[in-house]
Amino acid sequence: MAITLEEVRHIARLANLQFSEEELQAFIVQFSKILEHIEQLSQVDTQGVEPTYHAVAGKIDRENARSDVIHASFLQEKALMNAPESEEGQFRVPKVIR
Amino acid sequence: MGYPRLSIAEIREGLRRKQFSCVEITQQHLKRIEEADARLKAFLTVTPESARARAAVLDQALAAGEPLLPLTGVPIAIKDNICTQGVRTTCGSRILSNYVAPYSATAVERLEAAGAVIVGKTNCDEFGMGSSTENSAFGPSRNPFDLERVPGGSSGGSAVAVAAGEAVGAFGSDTGGSVRTPAAFCGVYGLKPTYGRVSRYGLVAYSSSLDTIGPLARSVADLAELLQVIAGHDPRDMTSHGSAPDRYTSGLDAALRNHRVGVPFSLIEEGVEAETRRAIHRALDALERAGCAVEEIALPHLANAIDTYYLIAPCEASSNLARYDGVKYGYRSEHFSNLGEMYQITRAGGFGAEVRRRIMLGTFALSSGYYDAYFLKASKVRTLLIQDFQAAFARVNTILIPTAPTPAFKIGEKTSDPLAMYLTDVFTVPANLVGIPALSVPAGYTPDNLPVAVQLLANQFHEKALLHVAWHLEQAFALKPAALAV
């Protein structure tokens, strides 16, 4: 399937990504080639087949879930140690209210 | 060759007889890293101080009469997408280039509790997305057999470290072959465990329904010891399995009784290089001599596995990698005028081309209007693939296929053609989609002295059967120590 420039721009917006015009042109060629290969799946008969989202999921039972008890987690200091910007124990981001 | 090639059992025995200390073993491997890694580029971070300090503590414990632990004094390398507390954990990405993990993965905690000495963090394709390490933001690792060739990926640095004697064992992650392909290209053993056998806590997520942590080693016995330490239930990972692991290290040398090996002969001819096909036939001869029965099996949907994988993995990745936005950790661009732009410019500058491609592919396949045709369709084909393997495992105990269709390729050979790179994974992605364990076994060398390998697959939680068969192949092949370029 051929994908249009407008579609790629739309997907980039959804994914919070940016591409230069030059990157977009190269991207479209590779992307279309990959999609063309993937299209082969449409020929597989999946009538009445249930999807699988976890190959071992059926074997994960309630006994595996830990009991709902509060445990010590990260200290605030640790959670913030990699933040590009923090203030008063919180992550700091650019102003969003005008 | 003058590089360290001690086995875990030899280290244990040497420490017991006081032939050497943990500090000496550590020092020997750090020296090898210092001498060889400028050319090999297996490591992104080497941790000499903490390794020596840790070894000294272990020596003190031994001097005080404390017993040897399963991995006392064993130098281990960890892929840089597995969290190590207080140590930089970059995932091979610019976006995490300054990230220091505030906690350790469960696998790392278990290794340290078992006496292992972590010597550093290894290079990988960014977030595990690649088959060559060429997608690392910090440049590719080199194949120790030929420095102009890739080591395989994504856990390439881990495979190089083990092959070149920079560590005794290493850990990687395997989402679509990332432990097995580099193991095959570098002539070492690599195991992808059953999904849920090893905790994923602290493994940076790429594709959550496919990701696993697995060991790389120079012998089957070492591989079994490394798996033993990290296997088992972890309450911090909901998908880790509650059953007790087997005793992987015992009975490897027992005779193979009533063991049936299945081979999908018709599927391993086309597109597979002659040396790799010969390796399959050498392996079959060896297994027949060891008493196994060989039979042909059909895996009708194996040919669809690569397309299925390259939909499901990018879909899960596009969701998992949404967390990198320049707010909580990692790189943040300085050129933006509002919050939305900060996200976009940070992600555009922080992610490499392949990661952006997979995020785009996943976002597309999950988007309105395409979900049914792509993500849902792939998830249904995944069911058919699982059914294929269930039918095969009703008849055979293990399946033998190549690990990779070719030996290690040249650096730069496939970088301009993402699809050609994806097709490297044709024999490795099925095990991840089906959730089963798979082991890459070194099977010899090409006339150009490049390693070739075969791959064994078994049913879920049958790691022991894989190790058992691999041990017999190891004895039969009896490969000489490799002649390395470094």
Side-chain angles (χ1 to χ4, degrees), chain A residues 1 3 7-8 10-20 23 26-27 30-31 33-47 49-57 59-61 63-67 71 74-75 77-85 91-96, chain B residues 98-100 102-103 194-196 209 233 235-236 238-242 301 304 307-308 310-311 318 322 325-332 336 338-339 342-345 347-348 351 356-357 359-361 363-364 367 373-374 376-384 386 418-419 422 433-435 460:
Chain A
M1 150 184 170
I3 190 159
E7 274 181 300
V8 173
H10 173 64
I11 302 160
R13 270 195 301 278
L14 290 177
N16 264 326
L17 287 171
Q18 276 192 355
F19 292 90
S20 67
E23 282 177 320
F27 189 86
Q30 290 173 337
F31 205 76
K33 203 171 153 193
I34 294 164
L35 284 180
E36 201 177 298
H37 200 275
I38 286 171
E39 294 278 299
Q40 291 176 23
L41 281 189
S42 64
Q43 289 155 25
V44 181
D45 181 5
T46 52
Q47 193 74 38
V49 177
E50 289 295 317
T52 297
Y53 302 114
H54 263 273
V56 193
K59 291 170 187 165
I60 299 167
D61 52 33
E63 288 165 34
N64 277 347
R66 62 181 163 75
S67 47
H71 293 277
F74 283 165
L75 295 172
E77 193 186 323
K78 246 186 175 181
L80 289 168
M81 69 185 248
N82 283 288
E85 218 182 330
F91 297 106
R92 189 184 159 91
V93 294
K95 193 171 167 182
V96 288
Chain B
N98 296 317
Y99 179 73
V100 174
Y103 66 98
T194 306
Y195 183 85
S209 83
H233 180 245
R236 293 180 293 189
M238 249 304 280
T239 61
S240 92
H241 202 260
H301 297 92
N304 303 116
D307 294 326
T308 307
Y310 278 99
L311 278 168
S318 72
D325 54 8
V327 174
K328 299 176 292 300
Y329 30 63
Y331 163 81
R332 178 191 286 186
F336 53 84
N338 58 52
L339 185 65
M342 184 189 91
Y343 295 152
Q344 288 182 5
I345 296 174
R347 287 163 63 79
F351 290 137
R356 283 187 287 160
R357 188 176 297 120
I359 291 173
M360 290 288 285
L361 192 54
T363 306
F364 169 75
S367 66
Y374 291 105
L376 187 62
K377 183 76 182 184
S379 301
K380 287 178 177 175
V381 178
R382 186 178 185 181
T383 304
L384 294 173
I386 290 169
L419 187 59
Y422 294 176
L433 291 166
V434 179
Q460 289 180 354

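Chain identifiers are assigned alphabetically (A, B, ...) following the order of the sequence lines, protein sequences preceding nucleic acid strands; residue numbering begins at 1 within each chain.
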* Exercise: identify the closest heavy-atom pair between Phe336(B) and Pro94(A) -> CE1-CG, 3.3 Å
* Asked: Between atom NE2 of His54(A) and atom CE of Met238(B), what is the distance when rounded to the nearest 0.5 Å?
  -> 9.5 Å
* To do: Check the pair Tyr53(A), Ser379(B) against side-chain contact (heavy atoms from CB on, under 4.5 Å), reporting the backbone distance first and the verdict last.
  => CA-CA 6 Å; Tyr53(A) 302 114; Ser379(B) 301; 3.6 Å; yes
* Structure fact -> What one should report as the nearest heavy-atom pair of Val44(A) and Leu384(B) is CG1-CD1, 3.6 Å
* To do: Would you confirm whether Asn16(A), through its side chain, and Arg347(B), through its main-chain N or O, come within 3.5 Å as a donor-acceptor pair?
  => no
* With a 4.5 angstrom heavy-atom cut-off, could you sort out which part of Thr46(A) is near chain B: side chain, backbone, both or neither? => both
* Atom group of Ile386(B) that falls short of 4.5 Å from chain A, counting heavy atoms -> side chain
* Heavy-atom contact with chain A under 4.5 Å, split by part of Asn98(B) -> backbone
* Structure fact -> So, the part of Met342(B) with a heavy atom under 4.5 Å from chain A: the answer is side chain
* Asked: Going through the distances and angles, do His10(A) and Phe364(B) end up as a side-chain contact (heavy atoms from CB on, under 4.5 Å)?
  -> CA-CA 9 Å; His10(A) 173 64; Phe364(B) 169 75; over 6 Å; no
* Structure fact -> Assert top hit (heavy-atom pairs under 4.5 Å, partner chain A, pool Leu433(B), Ile359(B), Val327(B)) equals Val327(B)
* To do: Heavy atoms only: give me the nearest Arg332(B)-Arg92(A) pair and the separation to one decimal.
  => NH2-O, 2.8 Å
* **Nearest-0.5 Å distance that lies between atom CG in Asn338(B) and atom NZ in Lys95(A)** => 13.0 Å
* Going from CG on Asp307(B) to CD on Gln43(A), what distance comes out if it is rounded to the nearest 0.5 angstrom? -> 10.0 Å
* To do: Without swapping roles, check the side chain of Thr383(B) against the backbone of Thr52(A) for a donor-acceptor pair under 3.5 Å.
  => yes
* **chain B contacts, top residue of Pro84(A), Ala83(A), Ala79(A) (heavy-atom pairs, under 4.5 Å)** => Pro84(A)
* To do: List in chain and number order the residues that pass salt bridge (charged side-chain N to carboxylate O under 4.0 Å, His left out) with Lys78(A), two or more places apart in sequence or in another chain; answer none if no residue qualifies.
  => none
* Asked: So, His37(A) versus Tyr422(B), ring centres under 6.0 angstrom or not?
  -> no
* Asked: Which atoms form the tightest heavy-atom contact between Met81(A) and Pro102(B), and what is the distance?
  -> SD-CB, 3.8 Å
* **Tyr103(B) and Phe74(A) aromatic ring geometry - parallel, tilted or perpendicular at 30°/60° bounds** => tilted
* What part of Ser318(B) gets closer than 4.5 Å to chain A, counting heavy atoms only: side chain, backbone, both or neither? -> neither
* Per-residue contact mode, Ala378(B) against chain A (heavy atom under 4.5 angstrom) -> both
* Arg357(B) versus Ile34(A), closest heavy-atom pair with distance -> CD-CD1, 3.7 Å
* Structure fact -> Residues passing the salt bridge (charged side-chain N to carboxylate O under 4.0 Å, His left out) test with Glu23(A), sequence neighbours excluded, are Arg356(B)
* Asked: Do you know the tightest heavy-atom contact between Tyr195(B) and Val56(A)?
  -> O-CG2, 3.5 Å
* To do: Sort Gln18(A) into side chain, backbone, both or neither according to what part of it lies under 4.5 angstrom from a heavy atom of chain B.
  => both
* Do you know which of Leu80(A), Leu14(A), Leu17(A), Leu41(A) has the most heavy-atom pairs under 4.5 Å to chain B? -> Leu41(A)
